[in-house]
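Just follow the structure's listing: the first ligand is 1, and inside any ligand the first atom is 1.
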Amino acid sequence: MAQEAEVVIVGGGAAGIAAGRRLREAGIDCLLLEARARLGGRAWTVDAGPDFPLDLGCGWLHSADRNPWTKIAMALGLTVDRTPPPWGRRAMPIGFPLAEQASFEAAIEDFRARLDAASEAEPDVAAAQFLDPGSRWNDLINAIGTYVSGAELDRVSARDYGRYEDSGVNWRVVEGYGMAIATYAAGVPVALNTPVHRIDHGGRRLRIETPDGTMTADAVIVTVPSNVLAEEGLRFTPALPDKVDAAAGLPLGLADKLFLSLSEADEFEKEGRLFGRPDRRGTATFHLRPFGRPLIEVYFGGNLATELEANGDAAFFDFAKSELVALFGSGFARRIAPVHIHRWKADPFARGSYSYALPGKAECRAVLAAPVEDRLFFAGEACSRHDYSTAHGAYLTGIAAAEQAIAARHTR
Ligand SMILES: Cc1cc2nc3c(=O)[nH]c(=O)nc-3n(C[C@H](O)[C@H](O)[C@H](O)COP(=O)(O)OP(=O)(O)OC[C@H]3O[C@@H](n4cnc5c(N)ncnc54)[C@H](O)[C@@H]3O)c2cc1C
């Protein structure tokens with residue numbers, strides 16, 4: 001590892017890679033320090049056989065028509081698939097008749113309209129406050145909330161939830177979103193397997209401490225997940241209690257994906273969608289035959305995902321199997337087998353899936369993003385006001401932090 005660089009970037013996810021690319025374009029001597037043995041962070045494509053790339057983290061180019069990763073993926077020669085997402089269409093009418101789905105859709109639209117109309121009002125409250133107490137769809141609205149935020153609606157700031165901006169266009173990268181993001185790091189100097197434990201900003205130069213030794217730099221861009229900052233997996237000397245508090249106000253919710261193989265897959269339409277139990281808070285959602293492949297992608301969020309993580313990988317499969325068997329009969333069990341799961345909460349360099357704000361904590365995003373002494377800069381999805389929780393939000397904060405670091409050069 002080099003002993004010094006003008007700018008050190010801590011963390012090689014979407015934000016750190018975007019920052020690195022921007023700094024290199026500006027001809028700045030930079031080094032990206034990544035704790036893992038790979039780049040991409042919560043963007044991670046694994047291969048489940050030829051032509052079967054699986055995104056264990058981000059999979060959807062949300063707001064794809066204005067998402068910078070869309071253009072980047074195309075420029076890298078990757079294939080952007082524009083099939084609309086399953087959640088934009090009706091679910092399969094198994095265990096959830098179409099008339100019931102229409103009733104549910106009306107209920108969730110009303111919930112969102114009430115929330116959007118009042119989310120900037122004082123005081124900020126939990127998103128759950130906008131549920132209609134008499135509605136029979138509250139459990140399923142909450143379950144959807146756990147896929148969106150990774151947390152139950154009673155933990156989520158309505159203000160922050162209302163600030164999320166979504167163009168409604170969702171596409172995918174056939175070869176993998178994680179693959180696109182990691183590939184984009186080409187040309188950025190990187191040290192893998194290099195966790196940063198401490199950043200000492202007490203002296204004239206910043207000192208960045210790792211197990212391989214200490215580096216010095218004029219500026220650092222910190223892009224680690226909010227939970228890593230809140231739990232002080234990375235510390236500052238002198239301490240930065242405002243940053244730790246802001247990160248604690250923006251915990252990572254939990255969403256985990258399980259991929260199942262599916263035999264005799266042709267029986268099902270491509271890109272189908274199913275809910276395990278539309279009458280339960282803790283239910284999985286199933287995406288059948290993504291890209292037409294003989295697979296089922298199962299999504300778990302919030303408390304359900306947390307409970308299953310505590311019981312190990314097999315607990316996810318057992319839960320998914322029990323819901324599928326209840327829908328299709330006991331013979332279905334022999335048609336599915338687990339292919340991949342990643343437990344994001346148990347992952348020490350993520351500690352969760354994506355950030356949400358606790359009630360009253362929406363402004364923490366700006367506090368977390370604010371530079372310190374014009375030489376410690378912060379990026380990562382949790383720093384984004386309108387695109388938090390996403391890979392494109394992470395990208396935009398990485399570019400913003402790199403621009404701040406470039407502007408600060410002139411004052412040194
Ligand atoms: C299951 C799941 C599904 C998702 N689906 C979508 C989706 O469809 N669309 C979408 O846009 N987003 C989705 N996301 C969210 C998206 O993946 C993240 O918002 C985005 O990748 C975060 O990028 P980042 O750079 O902010 O953080 P990260 O990707 O977490 O990058 C931070 C990096 O810092 C490293 N690090 C941590 N600690 C240290 C340390 N001490 N020293 C050095 N390095 C350290 C980490 O290893 C990591 O590489 C999903 C996430 C998950 C988990």
Test item: side-chain donor near acceptor, Ser355 and Glu381, under 3.5 Å: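 Yes, because at least one side-chain N or O of Ser355 sits under 3.5 Å from a partner of the opposite role on Glu381.
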Name the residues in contact with ligand 1, where contact means a heavy atom under 4.0 Å away: which are they?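 Residues Val10, Gly11, Gly12, Gly13, Ala14, Ala15, Leu33, Glu34, Ala35, Arg36, Gly40, Gly41, Arg42, Ala43, Leu56, Gly57, Cys58, Gly59, Trp60, His62, Thr194, Pro195, Val196, Thr223, Val224, Pro225, Val228, Ala255, Lys257, Tyr299, Trp344, Phe349, Ser353, Tyr354, Gly380, Glu381, Ser389, Thr390, Ala391, Ala394 each place a heavy atom under 4.0 Å from ligand 1, listed by chain and number.
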With sequence neighbours excluded, tell me which residues meet side-chain hydrogen bond (donor to acceptor under 3.5 Å, both in side chains) with Tyr177.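 Once residues adjacent in sequence are excluded, the partners of Tyr177 under the side-chain hydrogen bond (donor to acceptor under 3.5 Å, both in side chains) criterion are Asn67.
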Are any side-chain N or O atoms of Lys345 and backbone N or O atoms of Gly352, one a donor and one an acceptor, separated by less than 3.5 Å?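 Side chain of Lys345 to backbone of Gly352: no pair is present.
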Side-chain donor or acceptor of Ser149 paired with backbone N/O of Ala151 under 3.5 Å: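 The answer is no, because no donor-acceptor pair under 3.5 Å joins these two groups.
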Please work out whether the ring planes of Trp344 and His342 are parallel, tilted or perpendicular, with thresholds of 30° and 60°.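 Ring orientation of Trp344 relative to His342: perpendicular.
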Determine, step by step, whether Arg159 and Glu120 satisfy the salt bridge (Lys or Arg N to Asp or Glu O under 4.0 Å) criterion, reporting the C-alpha distance in whole Å, the side-chain angles of both residues, the deciding distance to 0.1 Å, and the verdict. CA-CA 5 Å; Arg159 179 165 306 165; Glu120 290 293 332; 3.8 Å; yes
